[in-house]
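For reference, the structure discussed in these notes is given below.
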Amino acid sequence: MDFTLSEERRMLVETAQRFLRDRYDMPTRHKAAAAPDGFDRALWADMAELGLIGALVPPEAGGFGGAGEDVALVFEQVGRGLVVEPFLASGVLGLWPLVRAGETALVEQVMAGETIAAFAHGEPDGRYGLAEVSTRAAEGDGWRITGAKAVVLNGDAADVLIVSARVSGDADAEDGLGLFLVEAAGPGVTRRGYGTVDGARAAEIVFDEAPARPLGEPGRGFALIEETMGRGVLALAAEAVGLMEVCKDTTLDYLRTRKQFGRPLGAFQALQHRMVEMVLEIEQARSAVMLAAGTFEADRLTRERNLAAAKHLTGRVGRMVAEEAIQLHGGIAMTWEYPLPHYAKRLVMLDHLLGDTDHHLERFIRLGREDAA
Amino acid sequence: MDFTLSEERRMLVETAQRFLRDRYDMPTRHKAAAAPDGFDRALWADMAELGLIGALVPPEAGGFGGAGEDVALVFEQVGRGLVVEPFLASGVLGLWPLVRAGETALVEQVMAGETIAAFAHGEPDGRYGLAEVSTRAAEGDGWRITGAKAVVLNGDAADVLIVSARVSGDADAEDGLGLFLVEAAGPGVTRRGYGTVDGARAAEIVFDEAPARPLGEPGRGFALIEETMGRGVLALAAEAVGLMEVCKDTTLDYLRTRKQFGRPLGAFQALQHRMVEMVLEIEQARSAVMLAAGTFEADRLTRERNLAAAKHLTGRVGRMVAEEAIQLHGGIAMTWEYPLPHYAKRLVMLDHLLGDTDHHLERFIRLGREDAA
Amino acid sequence: MELTYSPAEQAFRTEVRDWIRENLPPALAAKVRGGKRLSKADYELWHARLQTRNWLAWHWPVEHGGPGWTPVQKHIFDEEMIAAGAPRIIPFGVNMLGPVLIEFGTEAQKARWLPRILDGSDWWCQGYSEPGAGSDLASLRTRAVRQGDHYVVNGQKTWTTLGHHANMMFCLARTDPDAKPQEGISFLLIDMASPGIEVRPIVTLDGEHEVNEVWLTDVKVPAKNLVGEENRGWTCAKYLLGFERTGIAGVAFSKAALSHLKRVARERRKDGRPLAENPFFAARMARLEIDLMAMDIFNLRMIAAAAQGKSPGPEASLLKIKGTEVRQEASDLIRRALGPYAMPFLPEALDEGWNGEPVGPDYANTAATQYFNLRKTSIYGGSNEIQKNIYAKLALDL
Amino acid sequence: MELTYSPAEQAFRTEVRDWIRENLPPALAAKVRGGKRLSKADYELWHARLQTRNWLAWHWPVEHGGPGWTPVQKHIFDEEMIAAGAPRIIPFGVNMLGPVLIEFGTEAQKARWLPRILDGSDWWCQGYSEPGAGSDLASLRTRAVRQGDHYVVNGQKTWTTLGHHANMMFCLARTDPDAKPQEGISFLLIDMASPGIEVRPIVTLDGEHEVNEVWLTDVKVPAKNLVGEENRGWTCAKYLLGFERTGIAGVAFSKAALSHLKRVARERRKDGRPLAENPFFAARMARLEIDLMAMDIFNLRMIAAAAQGKSPGPEASLLKIKGTEVRQEASDLIRRALGPYAMPFLPEALDEGWNGEPVGPDYANTAATQYFNLRKTSIYGGSNEIQKNIYAKLALDL
């Protein structure tokens, strides 16, 4: 029983904190978000240089981390910094299938921040289901992919796309799926990029007989999809905790300093109690993320159940924290120039990525029945 | 658009209020609850004399009310008085099938408080389903009933039992049900009476070839079961509002008078806000009951949907009001001698009668689909 | 008790509905429904149309040109306007300043300003809120100093809705700094073209510009633009707060949102079935619908009481709280229903005349911004916390 | 970060579990699990058994006979006791008075009272709460006046748990009425057999008698029964409040309740299927389970911090709040799961030796009373509102 960080991990956190404090203030962040790619490639390279992407990759694949705890630590800082660089898209969802497929060269480039990878999985008619894939892969003159993918995070700036596609089976079947590597600028790929509500970027991507290279055995890709999404879920849950911490701290500062009716807002008992309830729920969310991170290397059922619990709880608490932080601030939290609402927006919108709070509650229940069976 | 009461109904409410104020204080109520029948037959006769049972019956059946609004008004007072006399069991659930079957003589006796009727419908393996009936009725030498009924309200003190039984069809089928009249003290009826958590009484009843007389056409009884239960739902929802009002008033009195840290409890803003939230939800619950009462004579779908909404909402709000009233009082609300917890107990336990808050939410959803279809 | 509308009221509803159908340009209704940006001209057109029917100043007494509606008629009108997708009536002139002038204004003020409200000559904005004052109007810091026949005003106002469209502002300013906080305030009418006025946009969290800061530096205001007595401006402000507020619960908005939500939930799919059939989502929708059904009756109870001549009590605070909660919840569910397609946001799609291809369903673009934008409803107009304070004091005697 | 127990800790858990299996009479565990009434003799038997293993006074320092456990060991012990259905250790003597005497008592007091706590000679009760004082100990009204070599005590105590079993009471009384509210209080040990003491039962809302009022009229207390300095009794009381409180979150109780709930939900049926498969009920259970999983980690984080020598911070308040909420929610769901069978209540079924036929499932009888009884957990021990006040002040600096 030990909740302290190892020396290496403490240094990793400090490195990230120092970089964000010194190099990543709110104007820098907004500027990066407004850039054509939706992030700053130079900053991304600097983050890579500091090892923040490598920390998401195990040593045997050339990184120096990659455990659940590493993912959670990095993403808590991503949340605290409201970072728009593609940690999730390229550093986790895009990178992990490459790691598992032993794509050493590509892994190195992505880890260095030189190549941007994106994970093209969700489809226009889908909704968080891991096997909801209608996009088809067929082998002839090499593998070719045809279909449409929706809301591909950083899909517009990506150099390589990791695409899920079906080689057999009905839509929704776990069997018959595969992951494929597609050149984003290659033939048969049409991308439409756009901004998202929370300041990030995504793309709709249509594949029309796009040449592709399988990652792993086509048709048996479900386990890797689940594993990759699981890493993403952990990352998002940890990011949510980081965002919550900032929302909490900002609100506390505001309550301590802002006066109304001649007293600091924080002197009003009703607001005090609501702050306590907020802090309590954040501690619960943090605990759920610790559990998910600490059992990330356990058996599949334990891992997936704890991930579902963490995503459910951070979604539930995240909405509460975002709404309460805005409400307790009042008008100023409705303005673009104040940092808080940007944190609140990201916190709420995380629930739209990789399964929302209801989806993961259902998943938790279903996994519980598998467990009992 | 008019939310005021007619002159007759205002008088009905005043009659009930006067009786409860003058004749039904808390010691009287506790004494009645502790009596072998679980209520006081003399008081019940007096209530009948005042017309409080007759108000639940339409004029054409010998009463002078019977509309949804009448039921709601009487039961709000039943709630305010924490009345243990069998208004629900005998005055609504037992009486209504007799009214519909044109059992003039029996209706008169029940309205007069001389005969106690009870509705034996739920079964040991059932859970709020209207058609969950395995008890069988068979015709040979007259009709005979065999089966078991659970938690029959006032079933131990009843003179006549209105029993739902199946003449055909699978358990759960709406077709094939009938309602039957059985003498409670007759052959083939075994009753085990007991007290309930909220100070009322109920019974487990086993029928073994008990002689029975059909009410309406055997096999086509579902509509009358639904209608009877609907009246009961309205009664319980209105009773809940009466209970909530007392919980609210008692808590407000306590907050205004009880001092802590040198100030009245009611001066603490966190408690003020919680009281406001409680009052707001009570107004919502009251509104839902008004809607159900005011549309009780409308088409089936409107009526049943609004009833489900009212039962759902009073269940949801009822729990909140009961828990908050106890919490805001503190220790004193945990004692038997203080009236509040008895109101709180009844308020919570109403959710276990005729379908709980989840059951009615599901029903509301299902009825909505029927409506759209 | 009678929950239905009288035949006369139903006929009124038909009359309103028919008139709107004939007079509201479909393109304008489509903009409102699609959450697109409305121009100043859009509002002015709709105001003018309503005024042709004498339905613009429907809060005003008959003797000043109001239609003399009952509270139930006002409620019906409000419901029909929202259900039809009509632009809202900009309230500052017609609903706020108008009644104040009618109650407190001089004959000269009434003669000058009321007609100009009705014919659209003036676009008014409201100068109440200040940075640092929040819901606490008594801590107002804008100063007005009498110098001869005018006041010199210095200070800063904020949250000035559509102030960039306005040519006039009614404004609270402190005229006696030594008086108790709520006293010594005066109610002034200020020409926005006066030297020393600067309007600065506030961009809100959804990236839109609707509210402003107004900076006042040595702004000269003619003394005849004082409404009511000097130092008694609080009386005017309070009068407005207590003024009958039809539609405070926003029931009509929530009803429109619920029916939109149902459509979205039928169209979007979860696990291969319509989202509306997913039990968790169905439960969320049903709870919302039940809350809304109850609030509808709660609201009608207040309207019926007003129709019987009872002045609106502190229950208005309860309705405001529940109304904003329900409306926010509806917007939350619409956002949720869209799943990943709540993420994309194309600000250009809000522009008039944009003809691009939407990303995802056509209603997806504004779902999340609408959710965030509606957070304001529990903050402004007296935050929900202030409403709870008011109700605890006035109604619960705590 | 390491979420698992060390091999030594796992071995300790096995040791505890084995010992309980050998020493806890199955009939006693069945009574605890079935929610039946426990007699004084039941508690005394279990205390004596624990004392044979030196596990009764497990909060005490080694030099006074405690086993010297780490915070993790204490947590494991607590979990195993509850999971096994062991009666709780009555805390007043061993967990509350013991540490106070060890810290503040004279050598004579320690020599007299500590052994009697361990061997069960004394059954202590707590005289803190007073009618009208609630969570506000400083407004204490019981008076103790020094007369020669004794104090004369007058006043009234309430919520005295199991006071009807007690032969001794430790008690706060005001010795200096002119001092500030929290000063002028003394900590006294009172023989319940003293003339002038009357114990009156308080029947709780579930119809049970566990707590009492204690009336003190001119009760003589020897001056040697003063613990600590006169007028400094608040120090003793505060010491206890800050004393390490393993199990404050009640995680082990909630875990036991959750596993019981799962059993009930598998057995009860809704629409012909196990209730556990009803989506609404499954969602309620899953939310509870997730809250509990998180709270378990939250609790372990605090224990791990204590193991590193950090003194328990204000987070204990958060755990108390969440712990009671989760435990109450579990009891709510068990009650709900029973449907109509939550209604019947046979008080006689709580008696030892009752052999009647239950109404409905055998676990139904106490489900609702348990739900009502647990309302107390958010009221006593510093109400959840007081915990929020404390946390806001100490941790949030508000």
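Within every chain, numbering begins at 1; the chains are lettered A, B, ... in the order of the sequence lines, protein sequences first and strands thereafter. In this text the structure is predicted, and so the values were computed from the model without any measurement.
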Q) Who wins among Glu385(D), Lys393(D), Glu9(D) for the most heavy-atom pairs under 4.5 Å with chain A? A) Glu385(D)
Q: Pick one of side chain, backbone, both or neither for Ala305(D), based on which atoms fall under 4.5 Å of a heavy atom in chain A.
A: neither
Q: For side-chain contact (heavy atoms from CB on, under 4.5 Å), just list the numbers for Glu283(A) and Met295(D), CA-CA rounded to whole Å, side-chain angles, deciding distance to a tenth of an Å, and then say yes or no.
A: CA-CA 9 Å; Glu283(A) 288 305 321; Met295(D) 195 175 61; over 6 Å; no
**Q.** Smallest separation among heavy atoms of Ala286(D) and Ile365(A), with atom names
**A.** CB-CG1, 3.6 Å
Q. Between atom CG of Asp397(D) and atom CG of Asp253(A), what is the distance when rounded to the nearest 0.5 Å?
A. 10.5 Å
Q) Are any non-hydrogen side-chain atoms of Leu398(D) and Met275(A) less than 4.5 angstrom apart? A) yes
Q: State whether the side chain of Arg286(A) and the backbone N or O of Phe298(D) hold a donor-acceptor pair below 3.5 Å, judged by distance alone.
A: no
Q. What's the spacing between Phe3(A) CZ and Ile297(D) CD1 if we round to 0.5 Å?
A. 5.0 Å
Q: Indicate yes or no: does Glu277(D) engage Arg369(A) in a salt bridge with an N to O separation below 4.0 Å.
A: no
Q: Check whether Gln308(D) gets within reach of chain A through its side chain, its backbone, both or neither, counting any heavy atom under 4.5 Å.
A: side chain
Q | Engaged part of Glu277(A) at the chain D interface, taking heavy atoms whose separation is under 4.5 Å | A | side chain
**Q.** Between Met285(D), Glu2(D), Arg301(D), the one whose heavy-atom pairs under 4.5 Å with chain A are most numerous
**A.** Arg301(D)
Q: Sort Phe364(A) into side chain, backbone, both or neither according to what part of it lies under 4.5 angstrom from a heavy atom of chain D.
A: side chain
Q) Counting heavy-atom pairs under 4.5 Å to chain A, which of Ile290(D), Leu300(D), Asn299(D) comes out on top? A) Ile290(D)
(Q) Any carboxylate oxygen within less than 4.0 angstrom of a Lys/Arg side-chain nitrogen, looking at Glu281(A) and Lys322(D)? (A) yes
Q | Closest-packed option against chain D by number of heavy-atom pairs under 4.5 Å, given Val279(A), Asn306(A), Leu271(A) | A | Val279(A)
Q: Answer with side chain, backbone, both or neither: which region of Glu69(A) has an atom nearer than 4.5 Å to a non-hydrogen atom of chain D?
A: side chain
Q.
Under a 3.5 Å cutoff, is there a donor and acceptor pairing between the side chains of Gln272(A) and Asn389(D)?
A. no
(Q) If I compare all heavy atoms of Leu396(D) with all of Arg256(A), which pair ends up nearest, and what's the gap? (A) O-NH2, 2.9 Å
Q: Measure across Val276(A) and Leu318(D) and return the closest heavy-atom pair with its distance rounded to 0.1 Å.
A: CG1-CD2, 3.7 Å
Q. What closest approach, in Å, do Asp291(D) and Gln284(A) show between heavy atoms, and which atom pair accounts for it?
A. O-NE2, 3.0 Å
Q: Please look at Leu280(A) and chain D and tell me whether the side chain, the backbone, both or neither of the residue comes under 4.5 angstrom of a heavy atom of that chain.
A: both
Q) For Arg9(A) and Met1(D), what are the C-alpha separation, side-chain angles and deciding distance, and is it a side-chain contact (heavy atoms from CB on, under 4.5 Å)? A) CA-CA 10 Å; Arg9(A) 287 182 173 135; Met1(D) 196 171 78; 5.9 Å; no
Q) Of all heavy-atom pairs between Leu361(A) and Ala283(D), which one has the smallest distance, and what is that distance? A) CD2-CB, 3.8 Å
**Q.** Atom pair OG/CE of Ser287(A) and Met293(D) - distance to nearest 0.5 Å
**A.** 11.5 Å
(Q) Please identify, among Leu265(A), Leu313(A), Leu291(A), Asp358(A), the residue contributing the most non-hydrogen atom pairs under 4.5 Å to chain D. (A) Leu291(A)
